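Here is the structure we will look at.
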Amino acid sequence: FFFDLKVAAMSSDREIRTYLANKGVPAMIDQMVMSCVQAKPDDPAEFFKEYLSGNIPRQPASGQQKSMKAGRPGVTVGRQRGAFINWSQVSSKLPTGRDPESKAKRKTLFEQFDPNGNGYLSLAEVDKGLRDVLQLDELFYCKPAIMRAFQAAKGANTNSKAALGDDYVTRSEFRLLLVYLRRYFELWVMFDDIDTDDDRRVSYDEFVQGLSKIETWGVKCYYPDQTFKAIDIDGHGMILFNEFADWGIKKQLDLEDDDDDEDEVFEEQTRGQANGNGKQKAAPPRGGPPKRGPPSTAKGTIDWKKISAALPAGKSKLENAKRDELFSLFDPNGNKYISLAEVDKGLRDILHLDEVFDCKPAIMRAFQAAKDVNTNSKARLGKDYVTRSEFRVLLSYLRKYFELFVMFDRIDTGDDRRINAQEFADAVGMLKTWGVNISSPYTEFNNIDKNGGGQILFDEFCHWAIPKALDLEDDDD
């Protein structure tokens, strides 16, 4: 490595930057090497030791306004965050159209990218083509964007009979490669603008600080904490570019100053997702096996305002926007269906409504009622899952069935999830405050106990209570 650097030290800054970018070195090494190039020491190894020991000031390379990391857009020209990018020029050099002129340009371009004429493009050939053929330096230095685009495109044509098709980009995949390059470069520019400390990771603080920018790109985050966790797939507390790109494509983020008018990458990547069944493991219980009894708050004070605010079931524009974001958070695989397990997990991990999460009978009733609401739905799996058009009703049902469960639980003094005749008779006073007068409790009990088992179950209680419009006196609906 030291020998390579001695060779690189005799080259231009541009060649050194290219060398470092191809090595994929982290930002600190990039900065250290450029400092070494400027200092021109007789012994680079000794210089590195002194540099890492802190005896040599760490400062940006000559002519740069700030530290530059290998692979940063426009690194050779010292691109400032938010600097102008000629998107029209970038798009014109990546002919993705389906018209005859674009096809002819693409044919010539593929041949220029494929100097050995074997009909396959390697990652190195794509990399070299961006620099030497298209001379798109701003894209050439975005190695993460190039890598993502290459990986996405090389497996696109599943019907290809090419022997090496799975590892290289073929001619039939070349148009999609250009589409991906344009899209992932745009996503990298967004990611880089949020990544203010240039470590190729976005922390929670950086994400929150970048919310105003994200809003200009088309997404308003009403749940920043939950959204950050949803993007951070590996759960390490930092958003990586791959994670940001997956989320950005799903959300169709769009820079306000670029020139595109459609997101073909979104269409390509979501085409297969709708075929998934949305199955997901149920949320595991916390702190050991699940409790048989209801949550302790059911018989105590419940923050109804918090619950109502967390379940935006209204029809205002604000609540519609919140609900749209919440649906996406509940639907992590993006297949536009929400399973019972995803609802369960969302209540706990996204909304943090532990009191509702622990009320499994209420969740089950709400889910079963909501998933069949839209009888006109043409969704293939609509009968078994909650779709976006049914999500508002689901939230409304969750709120209502939780309230009914709280009533049921207050009557069920034995905490066995059943109400016997004596418990029902003893609750006549409570029932009156909830809006129903009962003159003959035992007769009414028998009317509710449809299966004649001598106990009122939660389902039976709900069937009776909903037409009666029972309403807790201490809630806020």
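Side-chain atoms are counted along with the backbone in the values below, which use heavy atoms only and exclude waters and symmetry mates. The residues of the chain are indexed from 1 along the displayed sequence. Since we're looking at a predicted model, the values are computed, not measured.
Interatomic distance, CZ of R417 versus CZ of F405, reported as 4.5 Å (0.5 Å rounding). Between L187 atom CG and D192 atom CG the span is 12.5 Å, to the nearest 0.5 Å. Taken to the nearest 0.5 Å, the CZ atom of F244 stands 5.5 Å off from the CG atom of L253. Rounded to the nearest 0.5 Å, atoms CG (D195) and CD1 (I239) are 10.5 Å apart. To the nearest 0.5 Å, atoms OH (Y141) and CG (D137) are separated by 5.5 Å. Between atom CZ of residue F228 and atom CD of residue E243 there is a gap of 8.5 Å, rounded to the nearest 0.5 Å.
Within the 4.5 Å cutoff, the side chain of L398 has heavy atoms near those of the L347 side chain. Within the 4.5 Å cutoff, no side-chain heavy atoms of Y397 are placed close to those of V386. Residues K213 and M190 fail the side-chain proximity criterion, which asks for heavy atoms closer than 4.5 Å. Within the 4.5 Å cutoff, side-chain heavy atoms of K322 are placed close to those of Y223. Inter-residue side-chain proximity for I363 and L340 is flagged as met; some heavy-atom pair is nearer than 4.5 Å. Using a 4.5 Å cut-off on side-chain heavy atoms (C-beta onward), L109 and L134 make contact. Between Y120 and T170, some side-chain heavy-atom pair lies under the 4.5 Å cut-off. Counting only heavy atoms from C-beta outward, the side chains of D127 and F150 never approach each other to under 4.5 Å.
Within a 6.0 Å sphere centred on CE of M364, other residues, nucleotides and ligands contribute 12 heavy atoms or fewer.
The backbone N or O of H236 sits less than 3.5 Å from a side-chain atom of D232, completing a donor-acceptor pair. Not one N or O on the side chain of K371 forms a donor-acceptor pair closer than 3.5 Å with the backbone of I338. Panel note: side chain N86, backbone V90; no donor-acceptor pair is recorded below 3.5 Å. A donor-acceptor contact shorter than 3.5 Å is absent between the side chain of S102 and the backbone of R98. In this structure, the side chain of D114 does not engage the main chain of L121 through any donor-acceptor pair within 3.5 Å. A donor-acceptor contact shorter than 3.5 Å is absent between the side chain of S396 and the backbone of V393. Side-chain atoms of S308 never come within 3.5 Å of backbone atoms of K305 as a donor-acceptor pair (strictly under, hydrogens ignored). In this structure, R323 contributes its side chain and G314 its backbone to a donor-acceptor pair below 3.5 Å. The closest donor-acceptor contact from the side chain of R201 to the backbone of L240 lies at 3.5 Å or more, if one exists at all. The closest donor-acceptor contact from the side chain of E325 to the backbone of Y222 lies under 3.5 Å.
A pairwise comparison of heavy atoms in L351 and F330 identifies CD1-CZ, 3.9 Å as the closest pair. Minimum interatomic distance between W247 and C221 (heavy atoms only, all atoms of both residues): CZ2-SG, 4.4 Å. Of all non-hydrogen atoms in D199 and M238, the two that sit nearest each other are OD2-CE, 4.0 Å. Residue P224 comes nearest to F207 through the heavy atom pair O-CE2, 3.8 Å, listed as atom of the first residue, atom of the second, then distance. Across all non-hydrogen atoms, the minimal contact from E125 to P115 is OE2-CD, 3.9 Å. In plain terms, the two heavy atoms of K93 and L136 that are nearest each other are CD-CD2, 3.6 Å.
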Working for side-chain contact (heavy atoms from CB on, under 4.5 Å), residues T227 and V219 | CA-CA 11 Å; T227 300; V219 173; over 6 Å; no
Output, in order, the C-alpha distance, side-chain angles, deciding distance and verdict of side-chain contact (heavy atoms from CB on, under 4.5 Å) for N118 and Y168.
-> CA-CA 11 Å; N118 67 350; Y168 298 86; over 6 Å; no
Mind running side-chain contact (heavy atoms from CB on, under 4.5 Å) on R106 and R171 for me, showing each step along the way?
-> CA-CA 9 Å; R106 217 162 35 244; R171 188 182 294 274; over 6 Å; no
Can you check salt bridge (charged side-chain N to carboxylate O under 4.0 Å, His left out) on R182 and E186, steps first, answer last?
-> CA-CA 6 Å; R182 167 65 176 77; E186 180 183 2; 3.1 Å; yes
Report the C-alpha separation of R148 and D246 in whole Å, then their side-chain angles, then the decisive distance to 0.1 Å, and conclude whether the salt bridge (charged side-chain N to carboxylate O under 4.0 Å, His left out) test is met.
-> CA-CA 10 Å; R148 285 282 294 182; D246 288 339; 2.6 Å; yes
Is there a side chain to side chain donor-acceptor pair (under 3.5 Å) between Q89 and S92 once you walk through the steps?
-> CA-CA 5 Å; Q89 181 187 68; S92 67; over 6 Å; no
Step by step, work out the side-chain contact (heavy atoms from CB on, under 4.5 Å) result for I249 and Y184.
-> CA-CA 9 Å; I249 290 170; Y184 280 113; 3.4 Å; yes
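With 3.5 Å as the limit, one finds no donor-acceptor pair spanning the side chains of E111 and T108. If you check the side chains of S328 and K251, you find a donor sitting under 3.5 Å from an acceptor.
A distance below 6.0 Å separates the ring centres of F191 and W188.
Using a 4.0 Å cut-off between charged nitrogen and carboxylate oxygen, K105 and E101 count as a salt-bridge pair. Ionic pairing of D225 and K229 is present here: one or more N-O contacts between side-chain nitrogen and carboxylate oxygen are shorter than 4.0 angstrom.
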